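Note that the structure is a prediction, hence the values are computed from the model and not measured.
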Amino acid sequence: MRTTKVEEAAALVPDGATVMVGGFMGVGSPEGLIDELVRQGRRDLTVIANDSAQPGVGIGKLVTAGALRRLIASHIGLNPETQQLMNSGKLQVDLVPQGTLIERIRAAGHGLGGVLTPTGVGTLVEEGKQKIEVDGRPYLLETALHADFALVQAFMADYLGNLVYALTARNFNPVIAMAGQTVIAEVEQIVPVGMISPDHVVTPAVLVDYLVGRC
């Protein structure tokens, strides 16, 4: 694990990368890393996240900047720019039910090929997907979602990279930290090793590759 500056961490993410971003409507999103990706002019990203927030907030900044080629999310209802880009064909949007989305990410983090869910059976959602019957009930196979990078926001870290989350920021962040090939954590404060009780660590340091402190 390395502690680095936000501009150096963002520079690790190339154009065309697949990036998971934590947060729920912008709450718990790594705003510094997002701002820096926008400033560096990143393009053609595939973003996997719960939602695209709102214009000027969280992932909404990437949408406004035209940094996305594809968005895999459960909700875009609060971001009219995302809707306009999708309707104009300038942005590919894969809408996934929220429970299915997080379980597909969790499956990737745990080394599974996917999950079985009854959600979408008998609807347009099942088109092109494998249907499997278990105990007489049909399920859809939803494949695992992997990412090149997971951009995580946490409240506190020690200098080893053990992470603690605060309040509702503990939403998608711990799960995406399991599923990214490279994990970059942006934290409110970095404290000496030993100040975080082992019982309070949510994401262990072994999962974190880069640590960025907020200025």
Side-chain angles (χ1 to χ4, degrees), residues 1-50 53 56-63 65 67-68 102 105-106 108-111 145-215:
M1 198 286 298
R2 279 186 51 196
T3 302
T4 188
K5 297 178 180 178
V6 65
E7 56 266 29
E8 294 172 347
L12 296 169
V13 181
D15 289 346
T18 297
V19 182
M20 287 180 182
V21 183
F24 196 116
M25 300 300 175
V27 176
S29 293
E31 297 284 351
L33 286 167
I34 291 171
D35 288 342
E36 192 59 27
L37 288 172
V38 170
R39 190 190 71 82
Q40 294 184 15
R42 206 63 76 243
R43 287 291 181 272
D44 296 325
L45 298 177
T46 292
V47 166
I48 302 170
N50 179 62
V57 177
I59 296 166
K61 301 172 189 174
L62 292 169
V63 173
L68 273 59
I102 196 65
I105 296 171
R106 193 189 314 274
H110 287 76
L145 285 170
H146 300 267
D148 302 317
F149 295 87
L151 306 185
V152 171
Q153 194 273 326
F155 171 66
M156 183 186 296
D158 62 24
Y159 281 98
L160 292 177
N162 293 301
L163 304 182
V164 175
Y165 303 92
L167 303 173
T168 54
R170 187 173 169 173
N171 42 51
F172 271 48
N173 283 298
V175 181
I176 70 167
M178 295 283 291
Q181 186 172 353
T182 298
V183 176
I184 304 173
E186 177 181 322
V187 298
E188 300 284 344
Q189 54 183 315
I190 304 175
V191 299
V193 175
M195 289 191 66
I196 300 176
S197 167
D199 288 342
H200 294 162
V201 173
V202 179
T203 298
V206 69
L207 296 174
V208 179
D209 298 289
Y210 295 92
L211 197 60
V212 175
R214 279 190 174 175
C215 299

Sequence neighbours excluded, the answer for side chain to side chain contact (heavy atoms under 4.5 Å, CB included) partners of Leu12 is Phe149, Ile184, Tyr210
For Gln40, the side-chain hydrogen bond (donor to acceptor under 3.5 Å, both in side chains) test, sequence neighbours excluded, returns Glu36, Arg42
Between Ala185 and Val208, the two heavy atoms sitting closest are CB-CG1, 4.1 Å
Here the side chain to side chain donor-acceptor pair (under 3.5 Å) pairs for residues 194-204, sequence neighbours left out, are Tyr165-Thr203
Check: Val212 and Lys5 side chains under 4.5 Å, non-hydrogen atoms | no
Minimal heavy-atom distance between Gly161 and Met1, with the atoms involved, is N-CE, 3.9 Å
From the list Thr3, Val152, Leu211, side chain to side chain contact (heavy atoms under 4.5 Å, CB included) with Val187 holds only for Leu211
request  = Please tell me if the side chains of Leu163 and Val202 come closer than 4.5 Å, counting only heavy atoms from C-beta onward.
outcome  = no
(Q) Taking the side chain as everything from C-beta on, heavy atoms only, tell me whether Met178 gets closer than 4.5 Å to His110. (A) yes
Correct closest heavy-atom pair for Val38 and Ala65 would be CG1-CB, 3.9 Å
Taken in chain and number order and not counting sequence neighbours, the residues that satisfy side-chain hydrogen bond (donor to acceptor under 3.5 Å, both in side chains) with Thr4 are Glu8
Quick check: does any side chain N or O of Asp209 sit under 3.5 Å from a backbone N or O of Val183, one acting as donor and the other as acceptor? yes
Residues 160-170 vs salt bridge (charged side-chain N to carboxylate O under 4.0 Å, His left out), sequence neighbours excluded, gives none
Determine whether Leu151 and Leu37 make a side-chain contact, defined as any pair of heavy atoms from C-beta on separated by less than 4.5 Å. yes
For Val47 and Leu62, the nearest pair of non-hydrogen atoms, with its separation, is CG2-CD1, 4.5 Å
Side chains of Ile48 and Ile176 in contact at under 4.5 Å (non-hydrogen atoms): no
By side chain to side chain contact (heavy atoms under 4.5 Å, CB included), Val193 pairs with (sequence neighbours left out) Asp158, Tyr159, Leu160
Gln189 meets the side chain to side chain contact (heavy atoms under 4.5 Å, CB included) criterion, sequence neighbours left out, with Phe155, Met156, Val191
Across all chains, not counting sequence neighbours, the salt bridge (Lys or Arg N to Asp or Glu O under 4.0 Å) partners of Arg2 are none
With sequence neighbours left out, the residues meeting salt bridge (Lys or Arg N to Asp or Glu O under 4.0 Å) with Glu188 are Arg214
Shortest non-hydrogen pair, Pro174 vs Asn171, comes out as CD-O, 3.6 Å
Please table the atom pairs, donor to acceptor, closer than 3.5 Å between any side-chain atom in residues 14-35 and protein atoms at least two apart or in another chain.
| residue | atom | partner | partner atom | Å |
| --- | --- | --- | --- | --- |
| Asp15 | OD1 | Arg43 | N | 3.0 |
| Ser29 | OG | Gly22 | O | 2.9 |
| Glu31 | OE1 | Gly58 | N | 3.4 |
| Glu31 | OE1 | Lys61 | NZ | 2.6 |
| Glu31 | OE2 | Gly58 | N | 3.2 |
| Asp35 | OD1 | Lys61 | NZ | 2.8 |

